Colleague: 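Questions regarding the structure given below will be posed in turn.
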Amino acid sequence: MNNNASENIIVTSNNMNSMEPPIAEKHIKFLSLPILLGIGLLGGVFMLFLLATTLSPKSIPVTPSPMPTPRIISTATPTVAAPTRKVSTDSAIQAIFDAESSASSALKNTDFNEQKLIPPQLDMLISF
Amino acid sequence: MKHLLPIIFLLILLLLQPQLSYSQNEVTDQSYTSYLTSLDIYRLSHQDYETAKAAYLKYKTPASQQDLLEKGKKILIDRDNVLISYLNYLLLQLVISQGVNFTDQTIFQSKLKVESQYYTGHKDSINAVFNLSDLTKKSQESEKQHQITQTVIYHALGIILIGKIEAVSSEVEKFATLQNTYVASNPLSDKNSNLVARWSLEAKNNQLLSKNKIEEARTKFSKLASTYTTDAVSIFNDGKLSVLQSFQYLNGQYSFLKQISEILIYE
């Protein structure tokens, strides 16, 4: 009796091995295709995004910078309505910037503790 | 070929230009090196003098006396050489320092040359000394003169410091003037106008405080105009403190001006 039960079990397990794959393997096969498809899709979108940003940066909406473009960088030609004012304002701003740069340089580079200027320490009390 | 000669001449001048400007730095570097060399020689002579003096005091032999005489003459000569080379270096620094006005330059060049000539004459006279008591007198002469020299040196250093702070002040003032001119002729929005007015006032306050400190330093350094003072070093340090305070106020002024510039760019 016991031998028959164990034989049945062995036969059953053998049958299972030969007839169909285990449940875990079926699930893995079932799930792997969508996962692969999903990864492939994401990757493709990412590649497209990269291509788009390198080829035509203007076509991709960029987060606006918090500060507007400084006037001195602008090279726009003056409008007909008030050309003189715009040109003189830009040059005045540039002059202010140059003066700022000179002042900054003077403040950074001036040394009031120049070691070379310290007078020599000499023994003036020499006696014989 | 003839029409190329002026071009070749101009090219040669252009190539020489860096050499000409380099020579001024070269001269001051050489002068400083010469001063350091004389200082090293003096320090070695001082060690020899100390050794010879110890031996003479211990043994009192004619040989030790003669040795002390030789070492004594050498140290006095080397000491004079240090002062001569330092005075020459300081004179050059006075010439190249920014902000030193022409009058001060002329006055102090003359004072430093007088001191340098004294030590040159003193050095030459030492070779004619043949005993220790005369050598002691020679040493005391230069000791007395050194007190006057010290005062002149520190006064010259004070003038150089005043020149430096005034040169910096001038740059910051140019910055302020350009800004004020721009703001006066380009009306700003109400909000920015109030901000600029406030910061401009702060900048002016700092400028005023800086100028007061410069005058304070000048007054302190002027105490060194007397021929001789025992407090030359402390008077100089006091004046230097005022110069450094003035510099801090200048930095403050610059900070406010920079803030105003930021508003003007984005107005």
Side-chain angles (χ1 to χ4, degrees), chain A residues 57-58 61-128, chain B residues 32 35 38-39 42 46 49 53 56 68-69 72 75-76 79 82-83 86 89-90 93 98 132-133 135-136 139-140 142-143 146-147 150 153-154 157 160-161 164-165 167-168 170-179 181-182 185-186 240 243-244 247 250-251 254 257-258 261 264-267:
Chain A
K58 286 181 185 174
V62 177
T63 349
S65 67
M67 301 284 247
T69 313
R71 201 184 312 172
I72 55 164
I73 298 167
S74 165
T75 53
T77 50
T79 59
V80 176
T84 322
R85 191 174 184 280
K86 187 166 169 60
V87 168
S88 67
T89 307
D90 280 346
S91 64
I93 290 284
Q94 190 59 52
I96 290 171
F97 258 88
D98 292 342
E100 181 186 329
S101 178
S102 295
S104 171
S105 178
L107 285 163
K108 275 183 198 155
N109 297 330
T110 305
D111 181 12
F112 294 100
N113 294 308
E114 217 174 328
Q115 294 298 309
K116 287 182 178 181
L117 288 175
I118 297 173
Q121 298 299 311
L122 302 171
D123 182 5
M124 300 308 293
L125 302 173
I126 288 173
S127 61
F128 305 95
Chain B
Y32 186 64
Y35 159 60
S38 61
L39 194 56
Y42 161 78
H46 194 273
Y49 150 77
K53 186 177 177 182
Y56 171 67
L68 179 59
L69 182 66
I75 192 181
L76 291 188
R79 191 174 69 183
V82 171
L83 286 164
Y86 176 77
Y89 174 67
L90 187 58
Q93 284 296 320
Q98 282 187 320
L132 289 177
S133 65
L135 202 60
T136 306
S139 178
Q140 284 166 353
S142 69
E143 181 193 336
H146 186 254
Q147 288 165 351
Q150 189 95 321
I153 286 171
Y154 279 105
L157 290 174
I160 288 174
L161 285 184
K164 283 185 179 190
I165 191 71
V168 177
S170 167
E171 291 297 327
V172 178
E173 212 166 306
K174 269 185 224 170
F175 181 23
T177 305
L178 282 168
Q179 260 190 10
T181 309
Y182 180 84
S185 49
N186 294 282
K240 185 176 170 181
V243 168
L244 294 174
F247 185 66
L250 275 178
N251 270 300
Y254 172 78
L257 293 173
K258 199 164 173 321
S261 281
L264 296 181
I265 301 164
Y266 299 115
E267 170 70 12

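So you know, we letter chains A, B, ... as the sequences are listed, proteins then strands, and number each from 1. Remember, it's a predicted structure, so these values are computed and weren't measured experimentally.
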Colleague: Which distance, rounded to the nearest 0.5 Å, do you find between the CG of B/Asn186 and the CD1 of A/Ile93?
Modeller: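 Taking CG in B/Asn186 and CD1 in A/Ile93, the distance rounds to 7.5 Å.
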
Colleague: Examine whether an atom of B/Ile153 lies under 4.5 Å from a heavy atom of chain A, and if so say whether it belongs to the side chain, the backbone or both; otherwise answer neither.
Modeller: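 Just its side chain gets close to chain A.
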
Colleague: Okay, side chain of B/Ser139, backbone of A/Ile126: is any donor-acceptor separation there less than 3.5 Å?
Modeller: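 Confirmed, B/Ser139 side chain pairs with A/Ile126 backbone.
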
Colleague: Most heavy-atom pairs under 4.5 angstrom with chain B, which of A/Asn113, A/Asp98, A/Asn109?
Modeller: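 Highest number of pairs under 4.5 Å: A/Asn113.
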
Colleague: Checking side chain to side chain contact (heavy atoms under 4.5 Å, CB included) for the pair A/Ser104/B/Tyr254: CA distance, chi angles, key distance, verdict?
Modeller: CA-CA 8 Å; A/Ser104 171; B/Tyr254 172 78; 3.2 Å; yes

Colleague: Among the options B/Leu39, B/Leu157, B/Leu76, B/Leu68, pick out the one with the most heavy-atom pairs lying under 4.5 Å from chain A.
Modeller: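 Option with the greatest count: B/Leu157.
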
Colleague: Return the option, out of B/His46, B/Lys164, B/Lys174, with the maximum number of heavy-atom pairs under 4.5 Å with chain A.
Modeller: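 The candidate making the most pairs under 4.5 Å is B/Lys164.
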
Colleague: If you compare all heavy atoms of A/Phe112 against all heavy atoms of B/Leu244, which two are closest, and at what distance to 0.1 Å?
Modeller: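 Result for this residue pair: CB-CD2, 3.7 Å.
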
Colleague: With a 4.5 Å heavy-atom cut-off, do B/Ile160 and A/Glu114 have their side chains touching?
Modeller: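 Sidechains of A/Glu114 and B/Ile160: no contact.
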
Colleague: Measure distances from B/Leu90 to the heavy atoms of chain A and classify the residue's part below 4.5 Å as side chain, backbone, both or neither.
Modeller: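 The answer is the side chain of B/Leu90.
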
Colleague: Need one label for B/Leu132: side chain, backbone, both or neither, based on atoms under 4.5 Å from any heavy atom in chain A.
Modeller: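 Both parts, heavy atoms under 4.5 Å.
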
Colleague: For B/Ile75, is it the side chain, the backbone, both, or neither that has a heavy atom closer than 4.5 Å to a heavy atom of chain A?
Modeller: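 Only the side chain of B/Ile75 comes within 4.5 Å of chain A.
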
Colleague: Indicate yes or no: at least one non-hydrogen side-chain atom of B/Leu264 is less than 4.5 angstrom from one of A/Phe97.
Modeller: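 No - every pair of side-chain heavy atoms lies 4.5 Å or more apart.
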
Colleague: Indicate yes or no: at least one non-hydrogen side-chain atom of A/Glu100 is less than 4.5 angstrom from one of B/Leu257.
Modeller: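 Contact flag for A/Glu100/B/Leu257 side chains = no.
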
Colleague: What part of B/Gln93 gets closer than 4.5 Å to chain A, counting heavy atoms only: side chain, backbone, both or neither?
Modeller: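 Side chain only.
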
Colleague: Could you tell me the separation between the OH atom of B/Tyr154 and the CG atom of A/Leu117, rounded to the nearest 0.5 Å?
Modeller: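 The distance works out to 11.0 Å.
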
Colleague: For the interface with chain A, which of B/Leu83, B/Ile165, B/Leu69, B/Thr177 has the highest count of heavy-atom pairs at distances below 4.5 Å?
Modeller: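 Most heavy-atom pairs under 4.5 Å with chain A: B/Ile165.
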
Colleague: Quick one: of B/Phe247, B/Tyr56, B/Tyr35, who has the most non-hydrogen atom pairs under 4.5 Å with chain A?
Modeller: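 Max contact count across the listed options: B/Phe247.
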
Colleague: Could you check which of B/Lys258, B/Lys53, B/Arg79 has the highest count of heavy-atom pairs closer than 4.5 Å to chain A?
Modeller: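 Option with the greatest count: B/Arg79.
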
Colleague: Name all residues meeting the side-chain contact (heavy atoms from CB on, under 4.5 Å) criterion together with B/Thr136; count only those two or more places apart in sequence or in a different chain, and write none if there are none.
Modeller: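 side-chain contact (heavy atoms from CB on, under 4.5 Å) list for B/Thr136, sorted by chain: A/Phe128, B/Gln140.
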
Colleague: Measure the spacing between CG of A/Leu122 and OH of B/Tyr42 and express it to the nearest 0.5 Å.
Modeller: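 Separation between the atoms: 5.0 Å.
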
Colleague: Can you find a heavy atom in the side chain of B/Gln150 that is under 4.5 Å from one in the side chain of A/Met124?
Modeller: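 With C-beta onward as the side chain, the pair stays apart.
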
Colleague: Using heavy-atom distances under 4.5 Å, tell me whether B/Val172 contacts chain A through its side chain, its backbone, both, or neither.
Modeller: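 Contact with chain A involves both backbone and side-chain atoms of B/Val172.
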
